[in-house]
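In what follows, a single structure is set out as C-alpha cells and then discussed.
Side-chain atoms are counted along with the backbone in the values below, which use heavy atoms only and exclude waters and symmetry mates. Values in this document were obtained by computation on a predicted structure and should not be read as measured data.
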Amino acid sequence: MKHALVFGGSGQIGLPLLQRLSHAGWRVTAISRHEQFDRPGLHWLQGDLAQMPELPPRVDAIFSCGPLLKFAQWYAQSGIEATRVIAFGSTSAETKRGSADAEERRVAGELREGEAALFAAAQPRSDAATVLRPTLIYGAGRDATLTRIAQLAKRLKYFRCRAAPTACASRCTWTIWPTPPSPR
C-alpha cells in the first residue's frame, strides 16, 4: 500500500485530495494545525511547518496544499525520504509578475521563489517534484465568493458574465448557463 504525507489536509485543496487518495487505496499521514480525528487509512498529526511532529522516515509521496515557500524551506532541511513531491502554487507566479500592485508583485515573487527552492531541494535527492499552478480553486464550499455565485446561478438557472467574451477568454474557462427565461 502506498503511503502519502499531506500538508494542509484540512483545507480546501487538502480535503478533496484526502478523499481521492483514500479511494485510490493510499495510506495517508496528514498534518493540520488543528486537531483532527483519524479514520481507517488516515492518520492525523497536529503541527505546522515551523513545529513539526515526528513524521514517518519514508513515504511514497509528499503533497503540500499550503504555503509553497514555507513548505519548500521545510522540505529542503527535512530528512524524509520520498520519491515524489507535489505542491500547489498559483498561476499568479507569472500573471502578477508585472502587476501595478506592489503586494501582488511580492506574492508572485514569493511563489516563484518557492517553486525554485522546491526544485533545488528535490534535484540532489533525485525526487520527482511537481508544482501545480491552478488559476482559481472553488467548489468545495469553503470560499467566500465563487461558491455563493455558483449557488445563485444554480438556483436561477443562469449566470450572466458582464465582461466581453474576449476580455476573459484568454484567462478563464467559463461554464455558461442558459440565458434567463423571458418575462411573460
Distance alone, cut at 3.5 Å: any donor-acceptor contact between the side chains of H43 and D38? yes
Verify, without hydrogens or angle tests, whether D60 (side chain) and H3 (backbone) share a donor-acceptor contact under 3.5 angstrom. yes
With rounding to the nearest 0.5 Å, note down the distance linking CD in E113 to CG in L68. 9.5 Å
Closer than 4.0 angstrom, basic N to acidic O: yes or no for R112 and E115? no
Could you tell me whether the side chain of Q77 and the main chain of W74 form a donor-acceptor pair under 3.5 Å? yes
Would the distance check show the side chain of S22 and the main-chain N or O of Q19 forming a donor-acceptor pair, the cut-off being under 3.5 Å? no
R105 side chain to S99 backbone, donor-acceptor under 3.5 Å: yes
Just so I know, are the side chains of S10 and W44 near enough to count as touching, which here means a heavy-atom distance under 4.5 Å? yes
How about E103: does its CD atom have over 12 heavy atoms from other parts shown lying under 6.0 Å from it? yes
Any side-chain heavy-atom pair of T29 and V6 under 4.5 Å: no
Applying side-chain contact (heavy atoms from CB on, under 4.5 Å) to R58 and T83, what does each step give before you reach the verdict? CA-CA 9 Å; R58 186 188 186 306; T83 55; 3.6 Å; yes
Tightest non-hydrogen contact, residues L49 and F71, listed as CD1-N, 3.5 Å
Check ion pair E94-R133 (N to O, under 4.0 angstrom): yes
